Amino acid sequence: MTPIETLRLILRPCLDEDRELFYELSADPAVLEFFPFRRSREDADAIFAMIQDMTPEPGFDLLVMVLKHSGETIGFCGLSKLQLAPILPQDVVEIGWRISARHWNNGYATESGLALLHQAFTILEIKEILSIAVHDNRRALSAMAKIGMQPDPGCDFDHPQIPETHPHLKRHVVYRLSAAEWRAEQAGQATR
């Protein structure tokens, strides 16, 4: 996949050198506040190896967020196909990101999200994008709203992969954005 460039970021496919960042984000309690568990080094390495061994469909790579000015890697983002049928339609496309806590509150989730939406709707010709998050994950919900996604309360659900030992993490909210809504917003911005 060709890297995607934004004003401050380069979004590129994962390389073996990104293993350390993957582990950092898989073990950081702040980053994983809304996940039921942290990953050991062994688990994180195994998951990273599995990701690297996969051959994703075009446009569905796990992308590394790199700061243009320094070359520092700060997180991961991408599009993926959710496998939560019958709760959500089979292979519905989700947008998501995970950023190092030391880089929060700089707008990188919004910047990468907008670039991924452009890729999804113009190049991949996807009809709709979803994003899901734990119901009280304010940072994630804010990022979803900032890229133009809207809540769809009728589709909120209890995540079946969250263990019963973590009931406060089970309820997930769904945000959506269709290609038609995105295009209308883009046209509106062009006329302002």
Side-chain angles (χ1 to χ4, degrees), residues 1-14 34 51 54-66 68 74-99 103-162 169-192:
M1 174 180 176
T2 304
I4 300 169
E5 289 197 35
T6 69
L7 183 64
R8 300 177 296 165
L9 301 170
I10 296 172
L11 311 179
R12 62 152 174 83
C14 276
F34 295 99
I51 291 168
M54 291 182 346
T55 304
E57 291 179 47
F60 290 89
D61 303 80
L62 178 64
L63 301 175
V64 179
M65 302 164 69
V66 182
K68 279 185 177 179
I74 64 166
F76 297 91
C77 63
L79 302 172
S80 61
K81 291 188 177 179
L82 279 174
Q83 302 302 321
L84 286 172
I87 295 168
L88 295 171
Q90 186 70 24
D91 290 333
V92 67
V93 178
E94 178 189 27
I95 187 171
W97 46 91
R98 194 173 299 172
I99 300 172
H103 293 288
W104 288 353
N105 302 315
N106 289 302
Y108 296 130
T110 302
E111 190 169 330
S112 62
L114 291 171
L116 288 171
L117 289 177
H118 183 270
Q119 173 94 357
F121 293 139
T122 63
I123 296 170
L124 301 175
E125 298 180 347
I126 294 170
K127 302 294 181 223
E128 182 179 55
I129 300 288
L130 298 184
S131 195
I132 65 171
V134 172
H135 68 93
D136 58 355
N137 184 344
R138 300 288 174 230
R139 285 187 304 274
L141 302 180
S142 175
M144 293 173 195
K146 285 179 182 177
I147 64 172
M149 302 187 88
Q150 298 294 318
D152 185 356
C155 288
D156 293 354
F157 65 99
D158 287 342
H159 203 300
Q161 296 168 357
I162 302 297
L169 301 178
K170 285 193 83 63
R171 193 68 180 165
H172 277 59
V173 296
V174 176
Y175 275 55
R176 297 179 179 274
L177 182 64
S178 71
E181 292 165 333
W182 180 82
R183 285 190 183 90
E185 176 61 26
Q186 298 304 301
Q189 288 178 6
T191 60
R192 289 182 200 147

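Quantities reported herein were computed from a predicted structural model and do not represent experimental measurements. In what follows, residues are counted from 1 in the order of the sequence shown.
No side-chain heavy atom of Thr6 sits under 4.5 Å from any side-chain heavy atom of Ser112. Inter-residue side-chain proximity for Leu63 and Pro13 is flagged as met; some heavy-atom pair is nearer than 4.5 Å. Residues Glu94 and Ile132 form a side-chain contact, since some pair of their non-hydrogen atoms from C-beta on lies under 4.5 Å apart. A heavy-atom distance below 4.5 Å is found between the side chains of Glu57 and Lys81. Looking only at side-chain heavy atoms (C-beta outward), Met144 and Val173 stay at 4.5 Å or farther from each other. Counting heavy atoms from C-beta outward, Asp152 and Tyr175 have side chains that stay 4.5 Å or more apart. Considering only heavy atoms from C-beta on, Cys77 stays 4.5 Å or farther from Tyr108 through its side chain. The side-chain heavy atoms of His172 and Val134, taken from C-beta on, include a pair separated by under 4.5 Å.
For the side-chain contact (heavy atoms from CB on, under 4.5 Å) criterion with Ile147, the lone passing option out of Ile129, Leu114, Leu116 is Leu114.
Within 6.0 Å of CG on Asn105 lie no more than 12 heavy atoms contributed by other residues, nucleotides or ligands. Shown here is Lys146, whose NZ atom has no more than 12 heavy atoms of other residues, nucleotides or ligands within 6.0 Å.
One distance of note links CG of Asn106 with CD of Glu111; it measures 10.0 Å at 0.5 Å rounding. Atom-to-atom distance recorded for Leu11:CG and Trp97:CH2 is 12.0 Å, nearest 0.5 angstrom. Note that OG of Ser131 is 11.0 Å distant from CG of Leu177, once rounded to the nearest 0.5 Å. To the nearest 0.5 Å, the span separating NE2 on His135 from CG on Leu141 amounts to 10.0 Å. Remark: Ile4 CD1 to Ile123 CD1 distance equals 7.0 Å, nearest 0.5 Å. Residue Leu88 holds its CG atom at 7.0 Å from CZ of Arg176, rounded to the nearest 0.5 Å.
The closest donor-acceptor contact from the side chain of Asp156 to the backbone of Val174 lies under 3.5 Å. A donor-acceptor pair under 3.5 Å is formed between the side chain of Lys170 and the backbone N or O of Ile162.
Nearest heavy atom pair, residue Cys14 against residue Phe76, reads SG-CE2, 3.6 Å. For Pro3 against Ile10, the heavy-atom pair with the smallest separation is CB-CG2, 3.9 Å. The two residues Asn137 and Ala133 come nearest to each other via the heavy atoms CB-CB, 4.5 Å. A pairwise comparison of heavy atoms in Met149 and Leu130 identifies CE-C, 3.6 Å as the closest pair.
Salt bridge present: Lys68 and Glu5 bring a charged side-chain N and a carboxylate O closer than 4.0 Å.
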**Message:** Leu84 vs Val92, test: side-chain contact (heavy atoms from CB on, under 4.5 Å). Steps then yes/no.
**Reply:** CA-CA 9 Å; Leu84 286 172; Val92 67; over 6 Å; no
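Aromatic ring pairs are classed by plane angle as parallel below 30°, tilted from 30° to 60° and perpendicular above 60°; the pair Phe121 and Trp182 is tilted.
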